Amino acid sequence: MVIKMVKRVYNFNPGPAALPLPALQKAQEEFLDFAGTGMSILEISHRSKEYEKVHQTATDLVRELLGVPSDYKILWLGGGASTQFYMVPMNLYLPGKAMEYVLSGHWAERAVEEASIYGEVKIVASSKDKNYAYIPQNVEFHSETSYAHISSNNTIYGTEWHYWPKVPQDVPLVCDMSSDFMAREIDVKKFGVIYAGAQKNVGPAGVTIVIVREDLLGRAPQNIPKMCKWSIHAKESSLFNTPPTFAIYISMLSLEYLKEMGGLSAVEKANREKAKIIYDLIDKSGGYFRGHATPDSRSLMNVTFRLPTEDLEKKCAEEATKQGLIGIKGHRSVGGMRISLYNAVTIEATKKVADFLREFQQQNPAP
Ligand SMILES: *Cc1c(COP(=O)(O)O)cnc(C)c1O
């Protein structure tokens, strides 16, 4: 056998994003002969006992690591988080009762657009006035509302909720947690529904995790397609149709890695440490690096900041790439840089990018 040295870079991509190396290695190891089947997992039935074990293990790991109570169902669905933008209203809208949303960024806007197809949407708070640089504070939702919707981490703008808003007792809080799912400890009981595309913190693109409180499964009207009903997927344990088996398998391996790290308290601790490394650098740069998010709303996942000029920003992204630091160019809506520090990004990688930025500032003073 020829042993080939594999080149791996430091990956700060915003999504799809870095995956834990041990998870990738395990997948590679068992790729051609999965669990003694003589086939890859891509080639076996989703009803086979070998796949069913993967499916169950992945689900159990989400429940265990996140502390999901027994009266919540955990679903693995295709279509991305964007599919939940319309499945949420399809499953939860109560005619005559508005759906209330907080507008905190691009993905919240997309979610509002889709909900508006189904009924009245009320925006209870927005940070659009400051290009989504902050999370609205003291947000409260109203009674007589179908549901209350927030996006816990705003991937493009680099802001994150650090408190949960007040909701009246009978109004379920629904959260798009795509870019900080399983990245910190949360109290699942505060939510009626949590959904998250896997491709930022827990796996590859192609699968979305939906956690729904059981009493909400009865809400959907009869006359919607079966594939759009959470209750059907819950009843069939996400095997109503062929689920994205490979994406669920890689998610399982990645969740096993999070468990080995010590679970979500250890994961959160590492994520806080990583974010602090970059925010400290920004705060001590004498204004050379200017954070986009206001300090009380800073994301632990996506650190967004500008440099003194657009030319320097361009140069910074190019030089980072040359040094094997990938994916730090910002989204066009904010400009500048965005460093994504999802679960699989190591502290070592974070220190590398911080060293790079420090050196870049020294060698490229503001004009
Ligand atoms: C990436 C992202 C999405 C979009 O997810 P898809 O799986 O591409 O549909 C939605 N919401 C948030 C917060 C995201 O970060």
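Here the structure is a predicted model, which means the values were calculated and not measured. We count ligands from 1, going down the list as the structure has it; atoms in each ligand are counted the same way.
- Asp311 and Thr309 share no donor-acceptor pair across their side chains, judged by distance under 3.5 Å alone.
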Check against salt bridge (charged side-chain N to carboxylate O under 4.0 Å, His left out), Glu214 and Lys73: CA-CA 6 Å; Glu214 275 169 358; Lys73 295 286 190 201; 3.5 Å; yes
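- In this structure, Lys190 is not positioned above the aromatic face of Trp161 in the sense of NZ or CZ being under 6.0 Å from the six-membered ring centre and within 45° of the axis.
- The backbone N or O of Met227 lies less than 3.5 Å from a partner atom in the side chain of His233, making a donor-acceptor pair.
- Sorted by first then second residue, the ring pair (Phe, Tyr, Trp, His ring centres under 6.0 Å) pairs that include residues 182-212, not counting sequence neighbours, are His149-Tyr195, Trp164-Phe191.
- The protein residues lying under 4.0 angstrom from ligand 1, judged by non-hydrogen atoms, are Gly80, Ala81, Ser82, Phe85, Trp107, Asn153, Thr155, Asp176, Ser178, Ser179, Gln199, Lys200.
- For the residue pair Tyr342 and Asn11, no side-chain donor N or O sits within less than 3.5 Å of a side-chain acceptor on the partner.
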